[in-house]
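Read through the structure below, which is laid out as structure tokens, and then see the notes.
The structure presented is a predicted model; accordingly, all values stated were derived computationally and were not measured.
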Amino acid sequence: MVKVLIADDHHVVRRGLLFFLKTQKDIEVVGEAVNGKEAVEMAGKLRPDIVLMDLVMPVMDGIEATREIKELYPEIIVLMLTSFSDRDHVVPAMEAGAAGYQLKDIEPDELVASLRSLMRGENTVHPKANSELLKGPAEPAPHTVNLLTPREKEVLAELTKGKSNREIASALFVTEKTVKTHISNIFTKLEVQDRTQAALYAVKHGLTEA
């Protein structure tokens with residue numbers, strides 16, 4: 001009998017998993033957790049064979065919960081069951097110790113097959129998630145490779161406020177020609193084409209403060 005702990009903050013998801021897994025003669029759902037912290041606590045008390053772990057949950061997310069469970073109870077297997085298949089979610093989850101990664105659109109029979117595979121010591125990863133793992137290390141952001149000078153950072157901060165070249169020149173006490181040169185260098189270093197892209201890049205990467 002495979003003992004399973006379900007960890008998901010959505011009641012409907014937990015109910016659906018519970019009702020389906022109850023139809024399987026070799027699987028027993030021993031508990032339900034509504035967040036990562038509860039999952040860790042229940043894993044210690046119930047000692048399930050497998051934890052079906054959601055990724056995004058309140059109090060403690062699935063990645064941190066997986067990391068703690070694997071540190072405290074390394075024999076417990078964690079299968080991520082989530083809606084996210086992008087690299088920013090897949091890689092940290094697997095690095096935290098998850099043995100499998102499946103998406104919530106998986107067919108019920110496939111989910112059961114995944115649980116049984118894990119019990120045989122086999123890893124099970126959804127094709128979409130696997131493709132992210134095979135991509136290799138992510139490329140570093142341009143600004144971490146092509147470092148901006150202090151003055152370029154100041155110009156970028158002013159540009160992000162929507163100021164014209166003349167207004168930036170006035171604010172920084174330099175000529176418009178100097179501002180144009182700095183902006184050209186910023187575009188090259190950040191690998192952007194125009195002021196809008198530069199502003200969006202700055203906001204996304206926290207470069208809005210000079």
Side-chain angles (χ1 to χ4, degrees), residues 1-140:
M1 185 68 72
V2 180
K3 295 187 295 182
V4 175
L5 168 64
I6 300 171
D8 197 297
D9 60 323
H10 290 100
H11 179 73
V12 173
V13 174
R14 294 198 310 275
R15 291 292 92 182
L17 288 169
L18 177 62
F19 287 137
F20 175 71
L21 293 177
K22 272 187 174 180
T23 67
Q24 307 300 308
K25 294 180 180 179
D26 59 338
I27 296 176
E28 177 190 4
V29 176
V30 294
E32 300 174 52
V34 300
N35 58 57
K37 184 173 184 292
E38 200 171 271
V40 176
E41 293 170 352
M42 293 181 74
K45 293 176 183 177
L46 303 173
R47 296 300 176 96
D49 297 303
I50 299 176
V51 178
L52 266 178
M53 184 79 75
D54 189 18
L55 201 56
V56 179
M57 293 183 288
V59 185
M60 180 188 290
D61 65 28
I63 292 173
E64 182 58 33
T66 297
R67 187 177 292 112
E68 290 201 16
I69 287 172
K70 294 305 292 184
E71 287 178 357
L72 295 170
Y73 320 107
E75 73 282 0
I76 295 178
I77 299 167
V78 178
L79 171 60
M80 307 305 296
L81 185 63
T82 178
S83 303
F84 301 94
S85 61
D86 59 285
R87 181 181 181 80
D88 290 342
H89 289 93
V90 177
V91 173
M94 300 306 285
E95 289 179 342
Y101 196 107
Q102 293 294 345
L103 301 185
K104 287 182 176 177
D105 63 1
I106 188 174
E107 292 294 329
D109 289 339
E110 290 181 28
L111 177 59
V112 170
S114 293
L115 294 174
R116 291 170 180 153
S117 293
L118 289 170
M119 289 303 294
R120 292 195 300 268
E122 304 168 6
N123 285 5
T124 170
V125 180
H126 191 282
K128 287 183 181 178
N130 197 46
S131 67
E132 292 297 321
L133 293 173
L134 294 175
K135 285 181 180 178
E139 290 293 323

Taking side chain as C-beta onward, heavy atoms only, is [X] less than 4.5 Å from [Y]?
X      : Y      : answer
Met94  : Val125 : yes
Asp109 : Phe20  : yes
Asp8   : Leu81  : no
Leu118 : Val2   : no
Met60  : Glu68  : yes
Asp9   : Asn35  : no
Leu79  : Leu111 : yes
Met119 : Ile77  : yes

Would you give the length of the straight line joining atom [atom1] of [X] to atom [atom2] of [Y], rounded to the nearest 0.5 angstrom?
X      : Y      : atom1 : atom2 : value
Leu18  : Glu32  : CG    : CD    : 5.0 Å
His89  : Ile63  : NE2   : CD1   : 6.5 Å
Thr124 : Ile106 : OG1   : CD1   : 6.5 Å
Thr82  : Gln102 : OG1   : CD    : 11.5 Å
Ile76  : Asp49  : CD1   : CG    : 8.5 Å
Asp61  : Leu55  : CG    : CG    : 6.5 Å

Within the side chain of Glu38, is there an N or O that forms a donor-acceptor pair under 3.5 Å with the backbone of Val34? yes
side-chain contact (heavy atoms from CB on, under 4.5 Å), that's the test. Do Val13 and Asp54 meet it? Break it down for me. CA-CA 10 Å; Val13 174; Asp54 189 18; over 6 Å; no
Looking at every heavy atom in both [X] and [Y], which two are closest together, and how far apart are they?
X      : Y     : value
Val4   : Pro48 : C-CB, 4.3 Å
Met80  : Ala93 : CG-CB, 3.9 Å
Gly31  : Leu46 : CA-CD1, 4.0 Å
Tyr101 : Phe84 : OH-O, 2.6 Å

Could you work out, with salt bridge (Lys or Arg N to Asp or Glu O under 4.0 Å) as the rule, every residue matching Glu107, not counting sequence neighbours? none
Output all residues satisfying salt bridge (Lys or Arg N to Asp or Glu O under 4.0 Å) with Glu64, sequence neighbours left out; order by chain, then residue number. Arg67
Quick one: do His11 and Arg14 satisfy side-chain contact (heavy atoms from CB on, under 4.5 Å)? Show the steps, please. CA-CA 5 Å; His11 179 73; Arg14 294 198 310 275; 3.4 Å; yes
Over 12 non-hydrogen atoms of neighbours within 6.0 angstrom of NZ in Lys104: yes
Decide side-chain contact (heavy atoms from CB on, under 4.5 Å) for Leu115 and Gln24; before the verdict, give the C-alpha distance in whole Å, the side-chain angles of both, and the deciding distance to 0.1 Å. CA-CA 11 Å; Leu115 294 174; Gln24 307 300 308; over 6 Å; no
